[in-house]
Asks: 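I'd like to ask some things about the structure below.
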Number of protein chains: 2
Amino acid sequence: MANADDAFIRQSFDLIDGLDGLSDPLDVQKTIFDLVARCGFSYFAITRLPQPGERIGPNLLLSVWPEGWLSHYDQVGHYRHDPVVRHCLRTTEPFAWSEVTDDPEATPQTRRVMEEAREHGMGAGYCVPIHDAHGFQGGISMAGERIDLPPRVRRAVHLLGLYAWSAAARTTQQRPKPAGRLLSARERDVLSFAAQGRTREETADLLGVSIETVSTHLRNARSKIGTRNTTHTVIEALRLREITL
Amino acid sequence: MANADDAFIRQSFDLIDGLDGLSDPLDVQKTIFDLVARCGFSYFAITRLPQPGERIGPNLLLSVWPEGWLSHYDQVGHYRHDPVVRHCLRTTEPFAWSEVTDDPEATPQTRRVMEEAREHGMGAGYCVPIHDAHGFQGGISMAGERIDLPPRVRRAVHLLGLYAWSAAARTTQQRPKPAGRLLSARERDVLSFAAQGRTREETADLLGVSIETVSTHLRNARSKIGTRNTTHTVIEALRLREITL
DNA sequence: GCCGGTATCCCCGAAAACCGGTAGAGCGAG
DNA sequence: CTCGCTCTACCGGTTTTCGGGGATACCGGC
């Protein structure tokens, strides 16, 4: 049995090396599904974290998922109560669904999500949360009637999930990489002053420009980084090392 | 050779399973060092991300690191220019130091960090960035005169890094959590949300209190820390380690 | 020469944050 | 049992920021 496990691990590692070369998302999907199927899973899904109010549907990167379950899931709004999603926000380590269903503070809605999943042929599952420099980003879930993963296979699945995510993200979305510096010198200036608690007016005086100019710089910085207000922008700019204290 | 690699992978997986049982940080350190030494590394360090303005020193969790290099690193303020740290903010995948030193926009300071590292016996290194639900948290670096990691060994090291981090964080932090003695718990809550770009109204909803209460907390936090507005307060609270990202 | 990015400036209405004062309930320490 | 702190909540008025339009000018690259 241990030999079978090691064989699986070897295969996983080979597959991970192979993922880099793929450019068609369907190839990635097929490759991953072949492997998770060998662990006894019938389904898998790689998904981004939906924005508040958004549905899961448009955020699915790759999936082999029960017919109807996804639309039902979105329709009912299960996302907000899904204990698996909740747990992803708390941990970086992969976990079996069964580990989170006996949550002490489980609500009726929470229980309902899991019951209905079972009715769709997903009585058990395993989830790998994905985090990056900006926090929780999504996850990869595998599901079937029942699962039985030996510890070392779990590790391999963990690693597989991480690279599957990268491959899925890479092949399904063509995003212009802001390789170099994201912000202009002036934008960094105004954010530095903002970090010191300066108002736009003060910053304008200190830089010798008008308050509208400062506002424009702040606005452009917001839209570049994709933040919601100045505070958020300053924090993110700090994290991106665009500014220092 | 492939057999040696597989043997290493098996060992790594066994070690990962064993980490859970350890409670003494020195055991963790010894176990990890034994393994990384087998890959040809002479040093390793597991470190948290320092808060802005802080030094690396107090944030090292576990390390076997060249004498003098750390203090020099802190003294010179290398941290702010270290290309390895910079790269950790952009990627979740492990990388060799050599991959980031030929950065097109390398500054003289950046180059100096790497040159001085080489003089301390660390001509090459490999780094596994660590991210959790709150973003970039730290990393584990391995270094030596020269490295040569076959792809599958890299994967194993990646996984090892993730679990080594967990074990290091678990065993080393005896947390006097009331570290934040200046602000109240609620004040820290509202500042954390503010750091995420939430409005007072959103924060009020999320905390289940009225918007006036949130305003009061923000006001009190401002007057306690002596800051000028919310942005300033968040930045200072971060520096004071009252909140984390 | 055109285009994209940058830097500058302008306007205006809506939304949010700030300010200062007030105040009851709860709780733990002295 | 006070005293102090926290958490909660409200009010009215002022200041600041946000959002979405504009505009002009410079510069560098294809």
Side-chain angles (χ1 to χ4, degrees), chain A residues 51-53 174-238 240 242-243, chain B residues 104-105 176-238 240-243:
Chain A
Q51 296 299 331
Q174 59 299 355
R175 102 165 21 164
K177 250 312 199 274
R181 257 214 171 56
L182 190 53
L183 301 181
S184 74
R186 224 36 169 173
E187 283 156 358
R188 288 195 294 274
D189 286 343
V190 297
L191 287 179
S192 295
F193 283 119
Q196 294 163 22
R198 308 278 186 183
T199 65
R200 298 175 179 204
E201 199 176 6
E202 288 174 326
T203 301
D205 287 346
L206 288 161
L207 291 177
V209 300
S210 83
I211 190 172
E212 285 84 8
T213 302
V214 175
S215 298
T216 305
H217 288 317
L218 286 174
R219 197 189 338 165
N220 291 337
R222 269 202 305 280
S223 86
K224 277 183 183 175
I225 308 190
T227 43
R228 310 179 62 183
N229 54 37
T230 298
T231 301
H232 196 192
T233 311
V234 168
I235 296 290
E236 282 306 313
L238 261 179
L240 295 169
E242 292 283 344
I243 61 173
Chain B
E105 43 174 324
K177 173 58 180 159
R181 63 196 180 288
L182 187 52
L183 299 182
S184 75
R186 223 38 167 173
E187 284 155 357
R188 287 194 293 272
D189 287 343
V190 298
L191 287 179
S192 295
F193 282 118
Q196 292 163 23
R198 308 279 187 184
T199 64
R200 300 174 178 205
E201 197 177 6
E202 287 174 327
T203 301
D205 287 346
L206 288 161
L207 292 178
V209 300
S210 84
I211 190 173
E212 284 86 7
T213 301
V214 175
S215 298
T216 305
H217 288 316
L218 287 174
R219 195 181 353 155
N220 292 337
R222 267 202 306 279
S223 85
K224 277 184 182 175
I225 307 189
T227 43
R228 313 180 61 183
N229 54 36
T230 299
T231 301
H232 196 191
T233 311
V234 168
I235 296 291
E236 283 305 313
L238 261 179
L240 295 169
R241 307 206 113 211
E242 293 281 344
I243 61 173

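Keep in mind it's a predicted model, so treat the numbers as computed, not measured. In what follows, chains are A, B, ... by sequence order, proteins preceding strands, each numbered from 1.
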Asks: What's the closest nucleotide to the B/Thr230 side chain, out of C/dC18, C/dC11, C/dA16?
Replies: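 Of all the options, the side chain of B/Thr230 is nearest to C/dC18.
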
Asks: Does B/Arg222 have a side-chain nitrogen or oxygen under 4.0 Å from the phosphate oxygens OP1 or OP2 of C/dC18?
Replies: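 For C/dC18, OP1 or OP2 has a side-chain N or O of B/Arg222 closer than 4.0 Å.
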
Asks: On DNA chain D, nearest-nucleotide positions of A/Asn229 versus B/Ala185: which is more 5'?
Replies: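 Comparing both residues, the 5'-ward one is B/Ala185.
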
Asks: Tell me which of A/Thr216 and A/Lys224 sits closer to the 5' end of DNA chain C, going by the nucleotide each one is nearest to.
Replies: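 The answer here is A/Lys224.
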
Asks: How many angstroms lie between atom CD1 of B/Ile235 and atom OG1 of A/Thr231, to the nearest 0.5 angstrom?
Replies: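 Reported to 0.5 Å precision, the distance equals 8.0 Å.
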
Asks: Name the residue closer to the 5' end of DNA chain D, choosing between B/Ile211 and A/Arg198 according to the nucleotide with the nearest heavy atom.
Replies: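 On the 5' side of the pair lies B/Ile211.
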
Asks: Between A/Lys224 and A/Glu242, is there a side-chain N and carboxylate O pair less than 4.0 Å apart?
Replies: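 No, A/Lys224 and A/Glu242 are not salt-bridged.
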
Asks: Examine D/dA9: is either OP1 or OP2 under 4.0 Å from a nitrogen or oxygen in the side chain of B/Thr213? Give yes or no.
Replies: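 So the side-chain polar atoms of B/Thr213 do come within 4.0 Å of the phosphate oxygens OP1 or OP2 of D/dA9, strictly under.
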
Asks: Atom OG1 of A/Thr233 and atom CG of A/Leu238: how far apart are they, to the nearest 0.5 Å?
Replies: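 That separation rounds to 11.0 Å.
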
Asks: Could you tell me the separation between the CZ atom of B/Arg200 and the P atom of D/dC10, rounded to a whole number of Å?
Replies: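 From B/Arg200 CZ to D/dC10 P: 15 Å.
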
Asks: Whether A/Ser184 contacts C/dT6 is assessed here as follows: a side-chain N or O lying under 4.0 Å from the phosphate OP1 or OP2. Is that the case?
Replies: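 No.
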
Asks: Using a 4.0 Å cut-off on protein heavy atoms (strictly under), produce a 5'-to-3' string for nucleotides 25-30 of chain D with B for base contact, S for backbone-only sugar-phosphate contact, and - for none.
Replies: ------

Asks: For A/His217, does its backbone N or O pair with a side-chain atom of A/Arg186 as donor and acceptor, under 3.5 Å?
Replies: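 A pair under 3.5 Å: no.
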
Asks: Between B/His232 (NE2) and C/dC19 (C1'), how many Å, whole number?
Replies: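 The answer, rounded to whole Å, is 18 Å.
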
Asks: Atom CG of B/Asn229 and atom OG1 of B/Thr227: how far apart are they, to the nearest 0.5 Å?
Replies: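 If we round to the nearest 0.5 Å, B/Asn229:CG and B/Thr227:OG1 are 7.5 Å apart.
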
Asks: Do A/Glu212 and A/Ser210 have side-chain N/O donor and acceptor atoms under 3.5 Å apart?
Replies: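 Side chains of A/Glu212 and A/Ser210: pair found under 3.5 Å.
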
Asks: Would one find a side-chain N or O of B/His217 under 4.0 angstrom from OP1 or OP2 of D/dT6?
Replies: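 No, no such contact exists.
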
Asks: Run A/Arg198 and A/Thr203 through side chain to side chain donor-acceptor pair (under 3.5 Å) and show every step you take.
Replies: CA-CA 6 Å; A/Arg198 308 278 186 183; A/Thr203 301; over 6 Å; no

Asks: Just the rounded figure in Å: distance from C1' of D/dA9 to CZ of B/Arg186.
Replies: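 After rounding, the gap between these two atoms is 13 Å.
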
Asks: Rounded to whole Å, please give me the gap between CG in A/Asp205 and P in D/dT16.
Replies: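 Whole-Å distance recorded here is 12 Å.
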
Asks: Any chance you could lay out the side-chain contact (heavy atoms from CB on, under 4.5 Å) test for B/Phe193 and B/Val214, step after step, and finish with the verdict?
Replies: CA-CA 10 Å; B/Phe193 282 118; B/Val214 175; over 6 Å; no

Asks: For D/dC10, does either OP1 or OP2 sit under 4.0 Å from a side-chain N or O belonging to B/Ser210?
Replies: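 So the side-chain polar atoms of B/Ser210 do come within 4.0 Å of the phosphate oxygens OP1 or OP2 of D/dC10, strictly under.
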
Asks: May I have the distance from A/Asn220 (atom CG) to C/dT8 (atom C1'), rounded to whole angstrom?
Replies: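 In whole Å, C/dT8 C1' and A/Asn220 CG are 11 Å from each other.
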
Asks: Ignoring backbone atoms, establish whether A/Arg219 has a side-chain N or O less than 4.0 Å from OP1 or OP2 of D/dG19.
Replies: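 False: A/Arg219 side-chain N/O out of range (4.0 Å or more) of D/dG19 OP1/OP2.
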
Asks: Nearest-Å distance, CZ (B/Arg228) to P (C/dC19)?
Replies: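 After rounding, the gap between these two atoms is 10 Å.
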
Asks: Report the distance from atom CD of B/Glu187 to atom P of D/dT8, rounded to the nearest whole Å.
Replies: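 In whole Å, D/dT8 P and B/Glu187 CD are 11 Å from each other.
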
Asks: Measure the distance from CG on A/Leu183 to P on C/dT6 and round it to the nearest whole Å.
Replies: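 A/Leu183 atom CG is separated from C/dT6 atom P by 9 Å.
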
